[in-house]
Each structure stands twice: as C-alpha cells, then as structure tokens.
Amino acid sequence: MTTENYKPTGANHTVGAIPAPSTLLDDAPDRRIVNGTDASILDYPFMVSLRGSTGGHSCGGSILSELWVLTAAHCVSSTTPYLQTIQVGRTNVSREADDSVYGIARVIIHPQYDSRTSHINDIALLKLATPLTFSESVSPVRLPQPLFEVEDDLDDLGVTLIGWGLTATGGSAPTTLQRVDYYVVPNEECNAIHTSTIYPSHICAAIPGGGKGQCSGDSGGPLLHHGVQVGIVSWSIKPCAVAPYPGVLTKVSHHIEFIQEHTEIAH
C-alpha cells in the first residue's frame with residue numbers, strides 16, 4: 001500500500017473521469033455543484049464545527065445528544081479537551097467565542113482505530129463540558145439501524161455530504177455551510193479502484209466523472225441518506241475528488257454498538 005497521496009480529509013470539488021459506480025449511474029443526471037452549494041443549518045441542525053485552539057474550523061461532526069458529538073478519530077487526540085471546541089447552530093462558522101461555542105470534556109477514540117490500515121474504525125465520540133440546549137438549529141442526527149447497507153439498494157444510492165471543507169485541494173475554505181449530492185460506490189467497486197484496502201466498515205461515495213466530493217476540513221462530517229447519517233468523512237486521494245477515486249468514509253451502521261456503549265443513547 002502506498003501512502004504518499006493517502007491522507008485523511010474531508011469535501012467538495014475537482015475534475016476527472018471516475019467510472020460510474022454501477023451501470024445504473026451511467027444515465028444519472030449530473031448534479032454537479034463545483035465550489036459547493038450553500039446550505040442552511042436549519043436543514044442540518046445536527047451539524048457542528050470542530051475548532052482548533054485559535055477558533056478556526058478544522059473538522060466536522062454531528063450531534064448525538066445534549067452531551068455527545070460524533071466525529072472522526074483522526075480529527076481528535078488526547079489534547080482535544082484543552083485545545084479544541086465545537087460550534088453549533090451556525091450556518092456560517094466564525095472564530096468568535098459566543099454562546100454557540102462549547103467546551104469538550106472527554107474524547108473517546110475507537111480502540112481499534114488504525115491510521116496505517118486504511119484508517120479503519122475512524123470514529124470518535126466527544127463528551128461536551130456542558131449540555132446543549134436543543135432548538136430549531138441545534139438537534140440530534142438520526143442514526144441507521146445496525147449493519148444497514150445503502151449499497152444493498154442499487155435504485156437508491158443517492159447521498160448528501162455537508163461541511164465547511166476546502167472547495168478544492170489548496171483552495172479556499174467557505175464560511176457558509178456547503179452541501180454536495182452524489183452517490184454511494186459499492187465497496188467491491190471502490191476496493192477495485194483504490195490501492196488501499198476498503199473494508200466492510202467503510203462506505204465510499206463519488207459522482208461519475210469526478211469533480212465533487214470530500215476535501216480537507218470535511219473530515220468528521222456526516223454523509224446522509226434520506227436524512228440518516230450513514231458515513232463519517234475519513235480519507236481521500238489528493239487532489240480532492242479526482243477521478244477515479246471515490247472518497248472513503250467510516251460506515252456508521254457498523255459502529256452503533258460502540259456509540260451506544262459509551263453514550264447510552266437508545267436506538
């Protein structure tokens with residue numbers, strides 16, 4: 001496995017000619033949104049921005065409950081409670097320290113997370129220092145049933161990715177929440193394209209021809225299927241969204257037990 005272009009990420013943009021994830025997609029409409037399409041936090045009230053020590057956006061995440069947030073393991077470390085915060089309820093992220101910003105009390109990284117093995121189990125839980133107050137712009141995400149597989153239904157592979165990631169490798173970082181609509185690539189096909197192994201606990205997404213997908217800053221953010229979070233942005237080949245390489249995400253349905261064990265969230 002080579003690793004020079006194998007980096008954790010996050011979502012949006014580029015060019016290329018990715019082969020269709022399945023023959024079904026050959027005639028699919030091109031819903032290309034190069035540089036992203038503006039989205040509102042009112043449509044995605046579970047979306048959070050994980051901020052660095054200076055208040056700048058670093059990764060995405062999603063609200064699980066008043067005290068818990070879901071993100072990618074590679075976005076956090078043992079220093080997170082001291083150096084990082086989250087911002088909730090905002091369409092436009094900022095460096096300001098207002099009532100939308102919450103401290104982090106505890107980080108739980110999946111014990112089998114392995115950055116050297118295709119970033120397998122790239123998932124982490126953040127316990128907040130103070131509970132969130134739910135509102136129309138702050139509320140929990142819906143989780144899938146254990147072991148749910150989007151790719152089982154070839155007639156319904158459409159997914160949506162949201163985040164504040166770069167619009168291209170080396171590009172600008174939007175302050176307004178962005179969204180892209182594209183498709184799940186079945187794992188067998190994704191594994192045939194990537195040199196790094198794609199495991200059952202991964203989920204891949206792309207659009208025929210490339211040109212949209214995850215990029216730096218989208219890591220940790222949610223991939224949605226009919227409003228249910230099915231993926232967590234993990235890694236991609238650079239430049240972002242280049243064909244023929246789908247973005248690779250952590251499959252949430254394979255980690256429901258991990259989430260419930262530590263958060264006691266009923267499902």
Side-chain angles (χ1 to χ4, degrees), residues 7-10 44-53 55 57-89 100-134 138-148 162-165 199-203 214 217-224 228-235 248-267:
K7 304 174 184 178
T9 5
Y44 307 102
F46 44 81
M47 185 68 189
V48 309
S49 168
L50 183 63
R51 297 145 48 100
S53 58
H57 171 81
S58 62
C59 279
S62 53
I63 297 169
L64 293 174
S65 71
E66 290 94 338
L67 280 174
W68 292 95
V69 167
L70 185 65
T71 190
H74 78 262
C75 288
V76 294
S77 70
S78 60
T79 63
T80 288
Y82 313 104
L83 298 178
Q84 293 176 278
T85 56
I86 67 159
Q87 185 172 50
V88 303
S100 69
V101 177
Y102 287 75
I104 297 167
R106 184 184 178 196
V107 176
I108 302 175
I109 294 174
H110 195 289
Q112 275 79 55
Y113 168 59
D114 189 347
S115 62
R116 299 163 299 177
T117 309
S118 302
H119 286 272
I120 194 168
N121 301 312
D122 192 3
I123 182 173
L125 298 164
L126 308 180
K127 186 175 185 180
L128 303 181
T130 55
L132 300 172
T133 299
F134 286 164
V138 180
S139 64
V141 72
R142 294 164 55 202
L143 296 178
Q145 293 297 316
L147 303 182
F148 169 75
I162 55 174
W164 291 278
Y199 292 93
S201 61
H202 285 132
I203 183 171
Q214 60 205 51
D218 288 306
S219 290
L223 182 75
L224 306 167
V228 174
Q229 182 172 354
V230 294
I232 302 168
V233 175
S234 182
W235 61 270
V248 182
L249 307 90
T250 300
K251 190 177 290 180
V252 175
S253 67
H254 282 231
H255 297 284
I256 297 299
E257 184 176 348
F258 167 75
I259 294 171
Q260 291 180 325
E261 175 186 358
H262 294 287
T263 66
E264 300 181 351
I265 294 172
H267 187 67

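Position 1 is the first residue of the sequence, and the numbers go up from there.
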Checking Val228 against Val252 for the side chain to side chain contact (heavy atoms under 4.5 Å, CB included) test, could you report, in this order, the C-alpha distance in whole Å, the side-chain angles of both residues, the deciding distance, and whether it holds?
CA-CA 10 Å; Val228 174; Val252 175; over 6 Å; no
Check the pair Trp68 / Ile108 against side chain to side chain contact (heavy atoms under 4.5 Å, CB included), numbers first and verdict last.
CA-CA 10 Å; Trp68 292 95; Ile108 302 175; 3.8 Å; yes
Run Tyr199 and Asn121 through side chain to side chain contact (heavy atoms under 4.5 Å, CB included) and show every step you take.
CA-CA 10 Å; Tyr199 292 93; Asn121 301 312; over 6 Å; no
Chi angles and distances behind the side chain to side chain contact (heavy atoms under 4.5 Å, CB included) call for Val88, Val48:
CA-CA 5 Å; Val88 303; Val48 309; 3.6 Å; yes
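Using a distance-only test at 3.5 Å, with no hydrogens or angles considered, no donor-acceptor pair links the side chain of Asp122 to the main chain of Thr250. Looking at His74, its side chain never comes within 3.5 Å of a backbone N or O of Trp235 through a donor-acceptor pair. Within the 3.5 Å criterion, the main-chain N or O of Val248 finds a donor-acceptor partner in the side chain of Gln214. Side-chain atoms of Gln145 do not come within 3.5 Å of backbone N or O of Ser253 as any donor-acceptor pair. Without hydrogens or angle criteria, Gln229 side chain to Gly231 main chain gives a donor-acceptor distance under 3.5 Å. Side chain of Ser58 to backbone of Leu50: a donor-acceptor contact under 3.5 angstrom is found. In this structure a side-chain-to-backbone donor-acceptor pair under 3.5 Å is present from Ser65 to Leu67.
Looking at residues two or more places apart in sequence or on another chain, you find a ring pair (Phe, Tyr, Trp, His ring centres under 6.0 Å) between His110 and His255, Phe258.
Of the inter-residue distances, the one linking Ser234 atom OG with Ile203 atom CD1 reads 12.5 Å to the nearest 0.5 angstrom. Remark: Thr130 OG1 to Glu66 CD distance equals 11.5 Å, nearest 0.5 Å. To the nearest 0.5 Å, atoms NE2 (His57) and CD (Gln87) are separated by 10.5 Å. Within the model, atoms CD1 of Ile86 and CG of Leu132 stand 5.5 Å from one another, a figure rounded to the nearest 0.5 Å.
Taking the six-membered ring where the residue is Trp, Tyr113 and His119 present tilted rings, their angle falling between 30° and 60°.
Considering every non-hydrogen atom in both Met47 and Pro222, the closest pair reads SD-CD, 3.4 Å. In terms of heavy atoms, Gly220 sits closest to Thr71 at CA-OG1, 3.5 Å. Here the closest non-hydrogen pair linking Thr85 and Gly103 is CG2-CA, 4.5 Å.
No side-chain heavy atom of Ser77 sits under 4.5 Å from any side-chain heavy atom of Val107. Taking 4.5 Å as the limit, every side-chain heavy atom of Arg106 sits out of range of all side-chain heavy atoms of Leu126.
Across Val69, Leu64, Ile162, a single residue satisfies side chain to side chain contact (heavy atoms under 4.5 Å, CB included) together with Phe46, and that is Ile162. Partner Ile63 forms a side chain to side chain contact (heavy atoms under 4.5 Å, CB included) with one of Leu128, Val138, Leu70 and no other, that one being Val138.
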